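Take a look at the structure below.
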There are 2 protein chains.
Amino acid sequence: MNSASEENYLKAIYKFMYDGNELVGTGALAEMLGVQSASVTDMLRRLSEKGLVRYTKSRGSSLTEEGMQTALSIIRKHRLWEVFLVEKLGFGWDEVHQLAEQLEHVKSDILTERLDIFLGNPSFDPHGDPIPDKEGKLPQKQTLPLIAATIGQRYKISRLGDTSTEFLQYLDKSGLLIGSFIQMIQQEPFDQSVTIELQSGKIIHLSSQVAELLVVEKME
Amino acid sequence: MNSASEENYLKAIYKFMYDGNELVGTGALAEMLGVQSASVTDMLRRLSEKGLVRYTKSRGSSLTEEGMQTALSIIRKHRLWEVFLVEKLGFGWDEVHQLAEQLEHVKSDILTERLDIFLGNPSFDPHGDPIPDKEGKLPQKQTLPLIAATIGQRYKISRLGDTSTEFLQYLDKSGLLIGSFIQMIQQEPFDQSVTIELQSGKIIHLSSQVAELLVVEKME
DNA sequence: TAAAATAATTAGGCTTATCTAATAATTATT
DNA sequence: AATAATTATTAGATAAGCCTAATTATTTTA
Ligand SMILES: [Mn+2]
Ligand SMILES: [Mn+2]
Ligand SMILES: [Mn+2]
Ligand SMILES: [Mn+2]
């Protein structure tokens, strides 16, 4: 049985690997987890001991297959609880992360499976992130960053490349929500900034930085 | 912010006090919590330090007002989660305790309040135990003198209208104790005397004078 | 009320998860 | 390649929460 702390380290390593890094550095983990590097070195040794992490001194770490499955099961719980909080308790999608950080550590496979059924087996969480199934498989969908979108095409906002409170609040203010439909109007060749139309008809302008972080799904 | 372990100690002390003990012994707590007495002594010191427990070396402990409120808020969460697990996820009432033991430690007042609303502000959990409101007040349990009880209904003996030695000895002899479960079998219209069945299956007859002094609590 | 039994505390350890400061290893720059 | 900068590890502490064994305090019994 892993501690909540061990589970948080596994999730952190998973995130780096999911973002394409095949080896994660001690310092990067320390930063993400808000602890000192020395603490990370300690924990990586313990996780390596347990067979969840491949650790090579001073070189970097990665998840073993078992570590990967463990991480996915925690992420599954995190995202299912987020769906619960938004769909059933009426929380906003920007207020559920900290709660899910606690709920994801509740240990019970049967609870997770019953929650999944209660929620109607959702594939994506309120942020548009895929929910692994109980074998750890992620649902697929064809997505791209808004910055690479085609003029005239309609899209649905699918996922966010950043979930900082600042970014979430910015989107909220602009009327951009996960699941909302937009149309690509034009893109400025000079700075890559984009102009889009919301479903309401409102036209807004987004910087390339924002357009890079908005992951969209092509509509038919 | 209290740790899960501290919260479990507070709940344990609360339970003893709720059962009428005004001072709880170290050993009794150790037994209930499944730890050694030495560990309890340590923790009682820490909780006393924090102002949650009144601790007198070798004499016993009790909750302070703040400790009492804290305990009640954990019990509130525990029982609300139990309702959720049974009513919404379809668990049996006998399988939810261990899960609620984990869920009760999730820290968020707003989550508790939204859960409460989602569940329809229940007053009792699936085991018939009262759910404290957010000020820590317990719903009034519905009690009545046995003489006014309904035929066929099950009751728990809740309180005595007389505590004279004679009465206590009479009850003891009859096998009637506070907290014991009984079922109302019949009532004689002529003299109001009642016939009840004990949990043991034994049938006994009580005069109206006695039935007036036995305060019972309706079971589900 | 003295001895015996029971209950509680103290002393000394252990593990996990963290920290700071010092040192070492790796990578980047002249 | 040598030096500087960056990154990671080691060494030594600390706090929470637990343990066992030894000692003390309290209560019961003779
Ligand atoms: Mn989240
Ligand atoms: Mn999410
Ligand atoms: Mn329970
Ligand atoms: Mn209960």
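In the text below, chain A, chain B and the rest are named by the order of the sequence lines, each starting its count at 1. The structure displayed is predicted, hence computed values, not measured ones.
Between the CG atom of Leu44(A) and the P atom of dT16(C) there is a distance of 15 Å, rounded to whole Å. For Leu29(A) and dT9(D), the CG to P distance is 10 Å, given to the nearest whole Å. Rounded to whole Å, the distance from CD on Gln36(A) to P on dT16(C) is 21 Å. Atom-to-atom, CE of Met43(B) to P of dC18(D) comes out at 5 Å; the value is rounded to the nearest Å. Atom CG of Asn2(A) is separated from atom P of dT16(C) by 12 Å (rounded to the nearest Å).
Both distances falling under 3.5 Å, in either a Watson-Crick or a G-U wobble arrangement, place dT30(C) opposite dA1(D).
Mapping Val40(B) and Gly34(A) onto DNA chain C by nearest heavy atom places Val40(B) closer to the 5' end of the strand. Each of Ser37(A) and Arg59(A) lies near DNA chain C, and the nucleotide nearest Ser37(A) is the one positioned closer to the 5' end.
Side-chain proximity of Tyr55(B) to dT9(C), dG17(D), dT18(C): nearest is dT9(C). Comparing dT9(D), dT9(C), dT18(C) against the side chain of Ser58(A) picks out dT9(D) as the nearest. With dT20(D), dT20(C), dT18(C) as the candidates, the nucleotide lying closest to the side chain of Ala38(B) is dT20(D).
Annotation for Val83(A) and Ile131(A): closest pair CG2-CD1, 3.9 Å, computed over non-hydrogen atoms.
An OP1 or OP2 oxygen of dT18(C) is reached within less than 4.0 angstrom by a side-chain nitrogen or oxygen of Ser5(A). For dT18(C), the OP1/OP2 oxygens have a side-chain nitrogen or oxygen of Tyr9(A) closer than 4.0 Å.
Nucleic acid contact class of Thr41(B) (heavy atoms, under 4.0 Å, all strands): base. The residue Ser39(A) sits close to a base: some heavy atom pair falls under 4.0 Å.
A salt bridge links Lys11(A) with Glu101(A): at least one charged nitrogen is closer than 4.0 Å to a carboxylate oxygen.
Put simply, the side chain of His127(A) reaches to within 4.5 Å of the side chain of Val96(A), judged on heavy atoms.
With Lys134(A) contributing its side chain and Arg76(A) its backbone, the two residues share no donor-acceptor pair below 3.5 Å.
Note on ring orientation: taking the six-membered ring where Trp is involved, the planes of Trp81(A) and Trp81(B) are perpendicular (angle over 60°, cut-offs 30° and 60°).
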